[in-house]
Amino acid sequence: METITKQSPQGCNNICPTPPPLPGPAMNCRRKGSATKGNSCASTATRDLWDNLFDRGYRADVTIRTNDGGIIYAHAGVLGMASPVLRGMLKQAKGVGHKRLISIHGVQHDAVRVFIRFLYSSCYEQEEMKELVLPLLVLSHAFVVPLLKRICEQQLENSLLTLDNVVDVFQLSLLCDAPRLVLLTHRMILRNIKAVSATEGWIAMKRSHPALEKEILESMIYEEQMEKERIRKLNERKIYLQLYEAMEALVHICRDGCRTIGPCDKDLKDDQKPCTYEACKGIELLVRHFAGCKLRVPGGCIHCKRMWQLLELHSRLCADSGSCRVPLCRNFKDKIKKQFKKDEMKWKVLAKKILSTKRIGGEPYFLSSKSISSY
């Protein structure tokens, strides 16, 4: 402030003037996510001015007729700039003197009034939105007002969608080209089909649009089938993952040893760290049973049969049977060459699925899933 000359009124008192207060939030406009142009936004006073222009109808040159003989006064310039559909209607409208007359039917008078008011100030009252959201959605779509349509969709998505109106909203969403709302309402109907099918909206839809009801029921059947398929694949993947862990534990026991069981040339200690292989304990019990069972022949003992299958499965996954420490690995490799083609394909599919479930490709003792198809 020292640079201000003495001729300046501020320089005489050498006091910085108090800055004007920042514009406060809009009290009458509850629209979320209001658009701004540059770094400025409309003040509360400006919005109030537009609301007053609509409420008082000062020099209004358009008369809008609604249901039940209702009349709303508006200004052609505002309507034409806000909606291309209203602009076309005004061009064809007839009137007396400078006033033109248009009609908006099909929805209640209050909905048209809130809609026209929104065209002036982009504002609405929350209570009115809660009561008239569906006709406002229809009007915003019919007269191409994207901002209001987006607000109606957000209001329904966030708080106004209920089991009682979900069928009506679903049908309107299809008519008003609101794909996100279609998806949300469709999912809500499927999740609560028993309660929704007892509502008045569902009964009315059943009478007026039986084909739509049929499509919803068919989609419900499809969703149930997809859910069953998803559960089946999850269970299948769980089994393949368990088999892979069993293969890891088998190699771990036969190559490194684990506490009380392992190869004869390993010095096993009781104070070793806890084993990190989840399937190790089960494989250890199976190996001990296999070593001491008197009915070891395949088919004689269910536990031994499982061990034979694990040994054969390992041989199909093993990358180097020459240096492998797992018993009978090389023997099963030789047996594979003499196996029937049908059985061979079954084992190949199983081995490939196990490896693809774990998504391994370069383990030191297992083949990659691509290599399974080549041998």
Side-chain angles (χ1 to χ4, degrees), residues 153 156-157 161-163 165-174 177-199 201-203 205-206 209-250 277-279 282-283 286 302 305-306 308-310 312-317 336 339-363 366-375:
E153 292 176 5
L156 284 166
E157 179 181 344
L161 193 61
T162 65
L163 292 179
N165 68 8
V166 65
V167 176
D168 296 330
V169 177
F170 175 67
Q171 295 180 85
L172 285 179
S173 303
L174 292 171
D177 190 24
R180 177 176 172 80
L181 204 53
V182 170
L183 180 61
L184 291 172
T185 51
H186 184 256
R187 286 179 176 176
M188 187 173 181
I189 290 172
L190 295 184
R191 286 197 305 266
N192 306 276
I193 187 64
K194 188 174 181 179
V196 171
S197 59
T199 61
W202 181 275
I203 295 171
M205 180 190 69
K206 188 175 181 179
H209 299 91
L212 187 57
E213 182 205 20
K214 183 180 178 182
E215 288 183 11
I216 294 175
L217 295 177
E218 288 177 350
S219 67
M220 183 182 68
I221 296 172
Y222 175 76
E223 289 289 337
E224 289 176 353
Q225 291 175 345
M226 291 297 293
E227 180 65 16
K228 290 179 181 179
E229 180 67 14
R230 187 184 69 84
I231 294 174
R232 186 191 66 80
K233 287 184 177 181
L234 285 175
N235 293 334
E236 187 179 81
R237 187 181 184 279
K238 186 178 180 181
I239 293 173
Y240 293 144
L241 193 59
Q242 289 173 346
L243 285 172
Y244 178 84
E245 291 172 352
M247 294 297 99
E248 281 187 322
L250 181 63
Y277 293 91
E278 294 183 4
I283 295 297
L286 201 59
I302 186 173
K305 182 179 180 181
R306 186 177 302 169
W308 284 111
Q309 291 171 339
L310 288 176
E312 183 170 357
L313 179 60
H314 163 79
S315 70
R316 293 176 178 277
L317 300 177
I336 290 172
Q339 206 166 30
F340 290 112
K341 202 167 187 179
K342 187 176 180 180
D343 295 333
E344 175 69 9
M345 285 302 299
K346 288 181 180 179
W347 280 103
K348 275 189 177 182
V349 170
L350 177 61
K352 193 171 182 179
K353 285 186 175 181
I354 291 173
L355 291 177
S356 61
T357 299
K358 194 65 177 179
R359 297 185 184 280
I360 63 163
E363 290 292 338
F366 287 153
L367 294 169
S368 66
S369 57
K370 292 182 179 179
S371 303
I372 294 294
S373 303
S374 60
Y375 76 79

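Just so it is clear, the values below take in all heavy atoms, side chains as well, and ignore hydrogens, waters and symmetry mates.
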key: Donor-acceptor contact below 3.5 Å, side chain Asp168 vs main chain Asn165   = no
key: CG on Leu156 to CZ on Arg180, rounded to 0.5 Å   = 12.0 Å
query = Hey, does Ser173 have a side-chain heavy atom less than 4.5 Å from the side chain of Val169?
reply = yes
key: Non-hydrogen side-chain atoms of Lys353 and Val349 separated by less than 4.5 Å   = yes
For the student: nearest non-hydrogen atoms of Leu250 and Leu310, plus distance = CD2-O, 4.3 Å
task = Check the pair Leu234 / Lys238 against side chain to side chain contact (heavy atoms under 4.5 Å, CB included), numbers first and verdict last.
result = CA-CA 6 Å; Leu234 285 175; Lys238 186 178 180 181; over 6 Å; no
Single hit among His314, Gln309, Arg316 for side chain to side chain contact (heavy atoms under 4.5 Å, CB included) with Glu312 = Arg316
key: Reported CZ-to-CG distance for the pair Arg306 and Leu313, which is rounded to 0.5 angstrom   = 13.5 Å
note = When every non-hydrogen atom of Ile189 is compared with those of Val166, the smallest separation belongs to CG1-CG2, 3.9 Å
request  = Please report the C-alpha distance between His209 and Gln171 in whole Å, then the side-chain angles of each, then the deciding distance to 0.1 Å, and finally whether the side chain to side chain contact (heavy atoms under 4.5 Å, CB included) criterion is met.
outcome  = CA-CA 10 Å; His209 299 91; Gln171 295 180 85; 3.4 Å; yes
Distance (rounded to the nearest 0.5 Å) between Glu245 CD and Ile354 CD1 = 11.5 Å
ask   = Which of these, Leu163, Leu190, Ile216, sits in a side chain to side chain contact (heavy atoms under 4.5 Å, CB included) with Val196?
value = Leu163
task = Look up atom OH in Tyr240 and atom CG in Leu350, then write down how far apart they are to the nearest 0.5 Å.
result = 6.0 Å
query = What side-chain hydrogen bond (donor to acceptor under 3.5 Å, both in side chains) pairs are there with at least one residue in residues 219-229, not counting sequence neighbours?
reply = His186-Ser219, Glu227-Arg230, Glu229-Arg232
